[in-house]
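All figures in this text were calculated on a predicted structure; none of them were measured in a lab. We're numbering straight along the sequence, starting at 1. Side-chain atoms are counted along with the backbone in the values below, which use heavy atoms only and exclude waters and symmetry mates. In listed order, ligands and their atoms are each counted from 1.
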Amino acid sequence: MKIASIILAAGQSKRMVSDLPKVVHKLNGKALIQYAIAAAGQAATEMPVIVVGNGAELVREEAGDKATFAVQAERLGTAHAVLAAEAAVDREADLVLITSADMPLLTAETLTAVVDAQKHNTGPLTLLTVHSRNPRGFGRILRSAAGAVTAIVEDAQATPEQLAIDELNVGVYCVESAWLWPALRQIKLSPKGEYYLTDIVEVAVKSGQKVNALVMDDEEEALGINNRIHLAEAERIVRRRINEGWMLAGVSMLDPNLVYIEEGVKIGKDTTLLPGTSLKGSTIIGERCTLGPNTIVISSQIGNEVEIGPALIEKAIIEDGVDMTTFCHLRSGAHLGKGVHMGNFGEVKDSYLAPGTKMGHFSYIGNAQIGANVNIGAGTITCNYDGVHKNPTEIGENTFIGSDTMLVAPLKIGKNAKTGAGAVVTHDVADGEIVAGVPARPMQKKEKSSG
Ligand code: UD1
Ligand code: CA
């Protein structure tokens, strides 16, 4: 069976009070429209058609090649919006699934259940409803004494008795394609000057067709985003779903309300996340790590038994056993080898620190390759930028860089070398050599007396 899908996204979203279309607003780091595309994409067999308003370039950009588009030039209501998609929907489709882009918590399973219900339905349409005491402006489901669905009445038009009805229209429909298009054309303008898709129920009922309703049980899934308060509520729900998943997979959180994990992230068991930890993008974290409080990790790889205090880690690699005490910043291309120690206020960019190297306090290391077991004294800086180019620094293993050393790149320092405190190193330093001063000069080496 061919199942097409339409995602309505052309509304003006006035209630968001934003220059951006509502559906590009982010929920846990991902645009609302992406949730709708993923769910509809799984429930249907064809690529979703998104109905956008005139000039909704941002929505197209966000959706990319995961959908096709239809333009609703004038915002004349949800029925008018579906009709705008007619030409873009596969003519061969048997069923058309209709959802809106502002219901990001609806799962693919729920949409699939609506499609399945319609597959077995003798009438032309199945709609999704939910029982809730919190109507949030949703349409109310009217049923006959025998329980058959007879109409949907919009909140603005409902009588006080109708407003008391607790069965609500979720806004998801699965409709027989051959019946849908002519039925939409029979919908009349509502008193508010819009063509309401909800009136399709009456079109069916008037022509003697039965309307099927699938009642969902998870009220939370039916949360629609009409303003930023709803968006924050959705954040809380998504956060809870994700964090509960990780806790059940062996990750500890002191306060799961204050841990923010995006969808693509992976975390090993027995890792502990302290409050304010935010894990984004394609981040992967190993086992037995402790992160936080207030650590932000963006698309980085972290090994096992890593300890990170408050920090910002962006596109970096951190190997097993690294410990970073507090307020460190790893920027793109930072790579800390096994057991590296970083202390207060260190920054590393585009550099490799080999295993066992220690960088205790207030240092900047950029465009550098640093050997194993190097001691980087407090306040050391790789002066990597000459105003035009980024220049490299190389430091050999076991070298001791004195506090406040300025390493003026391009520069090579050998193994087992030493720089004095406050040295400004402008020339390469040989293996075992000791340099000090401004600019740094070799110190006389004391010969070991043999005897
Ligand atoms: C709609 C339903 C309501 C249901 C609720 C559930 C109608 C008339 N009402 O109300 O019964 O309980 O959803 O969420 O359908 N849109 C367009 N073009 C338009 C108008 C709207 O594309 O001309 C899109 C919007 O961008 C949105 C969706 O359709 O994604 C729903 O529109 P919205 O204005 O949010 O309708 P609700 O008031 O939420
Ligand atoms: Ca809505």
Side-chain angles (χ1 to χ4, degrees), residues 5-16 18 20-25 31-33 35-37 39-40 48-56 58-59 63 69-86 88 98-106 110 114 125 127-132 134-142 149 151-158 162-163 165-173 175 184 187-203 213 216 219 221-231 233-234:
S5 73
I6 299 174
I7 300 170
L8 303 182
Q12 278 177 323
S13 335
K14 285 200 197 109
R15 290 168 279 184
M16 290 298 280
S18 176
L20 299 175
K22 171 164 70 181
V23 301
V24 304
H25 280 259
L32 295 180
I33 189 74
Y35 290 83
I37 293 171
V49 177
I50 303 178
V51 181
V52 293
N54 239 349
L58 289 170
V59 182
F69 302 91
V71 175
Q72 182 194 20
E74 281 179 290
R75 272 16 84 74
L76 295 180
T78 42
H80 183 259
V82 177
L83 261 177
E86 186 178 9
I98 303 168
T99 75
S100 27
D102 63 353
M103 313 231 17
L105 303 184
L106 281 173
T110 299
V114 177
L125 124 105
L127 56 93
L128 185 64
T129 75
V130 69
H131 288 279
S132 170
N134 183 6
R136 293 169 187 277
F138 277 25
R140 309 298 200 279
I141 305 292
L142 305 190
V149 175
I152 299 170
V153 56
E154 285 306 289
D155 191 85
Q157 268 91 54
Q162 289 169 337
L163 285 176
I165 295 171
D166 79 340
E167 188 178 12
L168 312 174
N169 174 33
V170 176
V172 174
Y173 317 81
V175 194
L184 286 171
I187 290 174
K188 305 216 165 55
L189 210 56
S190 80
K192 272 193 86 185
E194 289 190 13
Y195 295 94
Y196 286 160
L197 178 56
T198 44
D199 287 344
I200 203 165
V201 171
E202 275 174 282
V203 173
M216 66 191 284
E219 187 187 326
E221 246 195 69
L223 177 67
I225 311 295
N226 292 324
N227 60 40
R228 294 180 199 243
I229 297 173
H230 300 154
L231 189 58
E233 275 174 53

Between ligand 1 and the protein, give all atom pairs where both partners are nitrogen or oxygen and the distance is under 3.5 Å, as lines of names plus distance to 0.1 Å.
from     : atom 1 : to   : atom 2 : distance (Å)
ligand 1 : 9 (N)  : E154 : OE1    : 3.0
ligand 1 : 9 (N)  : E154 : OE2    : 3.3
ligand 1 : 11 (O) : G139 : N      : 3.4
ligand 1 : 11 (O) : E154 : OE2    : 2.6
ligand 1 : 11 (O) : N169 : ND2    : 2.9
ligand 1 : 12 (O) : G139 : N      : 2.9
ligand 1 : 12 (O) : N169 : O      : 2.6
ligand 1 : 15 (O) : T78  : OG1    : 2.8
ligand 1 : 18 (N) : Q72  : OE1    : 2.7
ligand 1 : 22 (O) : A10  : N      : 2.9
ligand 1 : 23 (O) : Q72  : OE1    : 3.3
ligand 1 : 23 (O) : Q72  : NE2    : 3.1
ligand 1 : 23 (O) : G77  : N      : 2.8
ligand 1 : 23 (O) : G77  : O      : 3.2
ligand 1 : 26 (O) : A10  : N      : 3.4
ligand 1 : 26 (O) : G11  : N      : 2.7
ligand 1 : 30 (O) : L8   : O      : 2.8
ligand 1 : 35 (O) : D102 : OD2    : 3.3

Next item on the list: Check for a donor-acceptor pair, side chain of S100 on one end and backbone N or O of D102 on the other, with a separation under 3.5 Å.
Entry: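 Side chain of S100 to backbone of D102: no pair is present.
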
Item checked: Non-hydrogen atoms of S13 and K22 that approach each other most closely ->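 Distance-wise, the nearest heavy atoms are OG-CB, 3.1 Å.
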
Next item on the list: Please report the closest heavy-atom contact between L127 and I141, naming both atoms and the distance.
Entry: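 Minimum heavy-atom contact is CD1-CD1, 4.0 Å.
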
Next item on the list: Check salt bridge (Lys or Arg N to Asp or Glu O under 4.0 Å) between E74 and all other residues, then give those that pass, not counting sequence neighbours.
Entry: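 For E74 there are no salt bridge (Lys or Arg N to Asp or Glu O under 4.0 Å) partners, ignoring immediate neighbours.
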
Item checked: From CA spacing to verdict: side-chain contact (heavy atoms from CB on, under 4.5 Å), M16, R228 -> CA-CA 6 Å; M16 290 298 280; R228 294 180 199 243; 4.0 Å; yes

Margin query: By the definition side-chain hydrogen bond (donor to acceptor under 3.5 Å, both in side chains), identify the one residue from D155, T129, T198, D166 that meets it with R140.
Written below: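 So, applying the side-chain hydrogen bond (donor to acceptor under 3.5 Å, both in side chains) to R140 and each of D155, T129, T198, D166, only D155 qualifies.
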
Next item on the list: Report the C-alpha distance between E221 and T110 in whole Å, list the side-chain angles of each, state the deciding distance to 0.1 Å, and finish with yes or no for side-chain hydrogen bond (donor to acceptor under 3.5 Å, both in side chains).
Entry: CA-CA 9 Å; E221 246 195 69; T110 299; 2.7 Å; yes

Check: Is any protein N, O or S atom closer than 3.0 Å to the Ca ion (ligand 2), and if so, which?
Finding: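 Sorted hits: D102 OD2, N226 OD1.
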
Item checked: Side chain to side chain, R136 and L223, heavy atoms closer than 4.5 Å ->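 Yes. Closest side-chain heavy atoms under 4.5 Å.
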
Check: Residues in side chain to side chain contact (heavy atoms under 4.5 Å, CB included) with A9, at least two apart?
Finding: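 So A9 forms a side chain to side chain contact (heavy atoms under 4.5 Å, CB included) with V23, I33, I50, A101.
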
